[in-house]
Amino acid sequence: MSAIYTRRHIKNIAAKVLATAAIIIGLVFLVWILWITLVNGISAFNWRLFTKITAYGPDGGLSNAIVGSLIMDLIAIAICAPIGVLAGTYLAECASSSKFGATVRFLNDILLSAPSIVLGLFVYVIVVIPSTSLSGGAVSFSGFAGSVALALIGLPVIVRTTDEMMQLVPTTLREAALSLGIPQWKMTLQVLMRAAMSGIITGILLALARLAGETAPLLFTAFGNNYMSVHPLDKMASLPVAIYQYTNDPNPTLHAIAWAGALLITLFVLALSLLTRLLFSRKKVSYD
Amino acid sequence: MQANRPETAARDIEHRSRKDARHDRIFRGILRFCALLVLAALLGAALSTLWGGREVLFKDGFHFLTSDAWNPVTDNYGALAPIYGTLVTSIIAIVLAVPVSFGIALFLTELAPGWLRGPVATAIELLAAIPSIIYGMWGLFIFVPFMADHVEPHLADTLGKIPFIGAVFDGPPLGLGILTAGIVLAVMILPFISSVMREVFQTVPSRLKESAYALGSTTWEVVWDIVLPYTRSAVIGGIFLGLGRALGETMAVTFVLGNSYNITASLLMPGTSISSSIANEFNEAVGLHRSALIALGFLLFVVTFIVLLIARLMLRQLAKREGK
């Protein structure tokens with residue numbers, strides 16, 4: 001009798017100890033990665049990062065990459081935010097129980113975790129190849145193509161958040177508006193969207209946090225550029241791609257610059273995701 | 001004049017409601033078009049990679065799928081080595097990440113005091129927010145030397161000496177290689193699996209758990225015999241979700257995999273994966289080589305699509321029972 005109790009007790013304690021060990025493993029890796037990024041990034045931090053371009057190599061900075069990243073991220077958000085918000089509105093308002101809506105919702109969830117490198121290949125085939133042949137080779141890889149690839153990564157995040165946030169708006173609000181004789185489009189744009197605005201903005205910020213750190217889809221769409229380029233149809237540098245190239249280089253001075261860039265991008269992304277969490281923690285939806 | 005007024009009013013209203021109905025139709029049409037763009041993105045990704053890789057995919061039947069050759073000089077391409085690397089690294093990642101994620105979810109739902117749950121859960125989820133290029137840099141500069149100095153020599157000396165399974169852990173302690181890539185992937189997918197597990201564990205009705213506790217069950221017995229069976233399908237869904245992430249991950253593995261097209265039994269040897277082959281070679285590739293890389297992208301898309309499809313179907317089962 002007591003042997004069984006002892007065995008159950010020991011098993012229980014072992015499980016608790018192992019679970020605690022698991023959480024410590026997770027936290028150790030988080031702290032390890034962040035600490036390494038912070039230490040290496042700060043020791044390599046230099047104002048040259050913001051004033052010199054990557055063409056100077058070890059004596060240069062990352063200014064063209066920072067500018068390129070900002071431009072491409074903004075264009076990407078400008079592309080995917082309206083489409084994503086409207087598509088999410090469609091799912092919540094027009095197709096909340098239809099079969100088509102369920103299919104789109106389901107496939108959007110798959111797009112959410114689809115490999116980003118394949119989305120990059122997709123944009124290579126539909127944007128880079130046609131623009132090369134149409135312009136006779138004058139335009140090939142471009143910042144615009146990079147933005148389209150990034151937009152594809154942000155799109156499902158915005159669709160899902162908008163869908164869930166619109167569904168949280170009470171039905172009584174819709175009924176009240178419709179009973180006043182307001183047409184559906186006006187009700188959606190001026191009543192529901194206003195009610196769900198904070199949630200929709202959360203979704204857009206989360207999408208920005210997600211796409212700002214992406215490297216793989218930019219490699220063969222925006223390509224990278226050692227000089228400052230602000231024209232969207234030019235090859236454009238970006239922070240993640242510059243970090244990728246510098247990390248692959250044997251020169252340790254370039255590694256230091258890469259760490260400084262890594263720190264910038266990590267701070268940006270973590271600040272965004274913490275901000276959205278703190279600001280809108282009451283409306284919790286999952287983004288896996 | 002007076003008699004006309006109700007008539008004009010009625011005409012106005014009719015005119016106006018017709019206008020509103022037309023605007024509503026246009027509005028719904030625009031919304032529907034945007035929703036269709038989501039489908040187009042997914043379908044387009046499949047079709048464009050299929051089209052881009054057609055020269056290699058449909059040459060010599062199944063040659064591309066069954067050959068382990070990868071030679072840009074003779075333009076002879078087989079996908080076996082990248083497929084092998086992708087599968088093995090992802091399996092290592094799942095094998096390592098699932099028990100740890102389960103432990104994290106158990107800790108956060110059953111063991112941790114209330115004030116600790118929120119902050120620790122957020123911290124674990126921050127692992128998912130770190131860009132993959134940072135995992136790659138950390139992996140290459142910090143974790144690879146760590147594995148080479150502290151882990152792989154011990155593995156080769158202990159497990160590597162056992163007959164049969166020894167071959168798996170035999171080899172020079174390079175640091176770079178399939179095992180290291182698998183571990184980095186495991187850390188990356190940890191937050192995805194653990195957050196799904198934690199969320200579904202919280203959906204278990206507390207009266208079920210309380211009944212078990214009242215009968216004298218230990219915490220472990222409640223989790224293993226009550227919580228886990230109740231959430232089984234969603235837990236499997238979460239694991240597949242993590243697998244889908246691991247299969248498609250590029251930057252974290254590209255730096256630490258070593259980029260070698262040899263298929264070896266040893267996990268300590270360098271290898272390659274679909275995504276790292278594409279990332280490493282695409283910009284230098286021309287002609288058939290480029291086509292072969294796009295074909296690899298198509299294979300990756302198909303495999304991850306199937307895995308994620310299973311994941312979402314499994315996750316939906318629990319949601320359905322919940323009445324969502």
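Keep in mind that what you see is a predicted model, and the values were worked out from it rather than measured. Worth knowing before you read on, the calculation uses all heavy atoms, side chains too, and leaves out hydrogens, waters and symmetry mates. In what follows, chains carry the letters A, B, and so on, assigned in the order in which the sequence lines appear, proteins first and then strands, with residues in each chain numbered from 1.
Chain B forms more heavy-atom pairs under 4.5 Å with one residue of G213(A), S116(A), A216(A), P183(A) than with any other, namely P183(A). Most heavy-atom pairs under 4.5 Å with chain A: of the set L106(B), T219(B), T254(B), this distinction falls to T219(B). Chain A forms more heavy-atom pairs under 4.5 Å with one residue of L108(B), V307(B), L126(B), L47(B) than with any other, namely L126(B). Options I83(A), I126(A), L152(A) differ in how many heavy-atom pairs under 4.5 Å they form with chain B, and the most are formed by I83(A). Contact count versus chain B (heavy atoms, under 4.5 Å) is highest, among I36(A), L27(A), V123(A), for I36(A). In terms of heavy-atom pairs under 4.5 Å with chain B, the best-connected choice from I117(A), I129(A), L270(A) is I117(A). Contacts with chain B were tallied for I265(A), L18(A), T188(A), I13(A); T188(A) has the most, counting heavy-atom pairs under 4.5 Å.
Residue W224(B) qualifies as open at atom CH2: its count of foreign heavy atoms under 6.0 Å is 12 or below. Under a cut-off of 6.0 angstrom, the local environment of CZ in R16(B) is sparse, with at most 12 non-hydrogen atoms contributed by other residues, nucleotides or ligands. Around atom NE2 of H23(B), more than 12 heavy atoms belonging to other residues, nucleotides or ligands sit under 6.0 Å away.
Comment: E125(B) engages R198(B) in a salt bridge, judged by a side-chain N to carboxylate O separation of less than 4.0 angstrom.
Neither the backbone nor the side chain of R22(B) comes within contact range of chain A; no heavy atoms are under 4.5 Å apart. Of the atoms belonging to T20(A), heavy atoms from both backbone and side chain fall under 4.5 Å from chain B. With a 4.5 Å cut-off on non-hydrogen atoms, L219(A) touches chain B through its backbone and its side chain both. Heavy atoms of T304(B) lying under 4.5 Å from chain A belong exclusively to its side chain. With a 4.5 angstrom heavy-atom cutoff, M137(B) touches chain A via backbone and side-chain atoms both. Neither the backbone nor the side chain of F102(B) comes within less than 4.5 Å of any heavy atom of chain A. With a threshold of 4.5 angstrom between heavy atoms, F298(B) does not approach chain A through any atom at all. Proximity to chain A (any heavy atom under 4.5 Å) is shown, for I26(B), by neither the backbone nor the side chain. With a 4.5 Å cut-off on non-hydrogen atoms, W51(B) touches chain A through its side chain but not through its backbone. Contacts between L140(B) and chain A at a heavy-atom distance below 4.5 Å involve the side chain alone, from C-beta outward.
Residue pairs meeting the salt bridge (Lys or Arg N to Asp or Glu O under 4.0 Å) criterion with at least one partner in residues 6-17 of chain A, sequence neighbours excluded, are R8(A)-E221(B).
Residues F33(B) and Y90(A) keep their aromatic ring centres 6.0 Å or farther apart.
Remark: K235(A) fails to qualify as a cation-pi partner of F141(A) under the 6.0 Å distance and 45° angle criteria applied to the six-membered ring.
In this structure the side chain of I104(B) reaches within 4.5 angstrom of the side chain of V100(B), judged on heavy atoms.
Shown here are the side-chain hydrogen bond (donor to acceptor under 3.5 Å, both in side chains) partners of S277(B), two or more places apart in sequence or in another chain: Y261(B), T272(B).
Between the side chains of D163(A) and Q167(A), a donor-acceptor pair is found at a separation under 3.5 Å.
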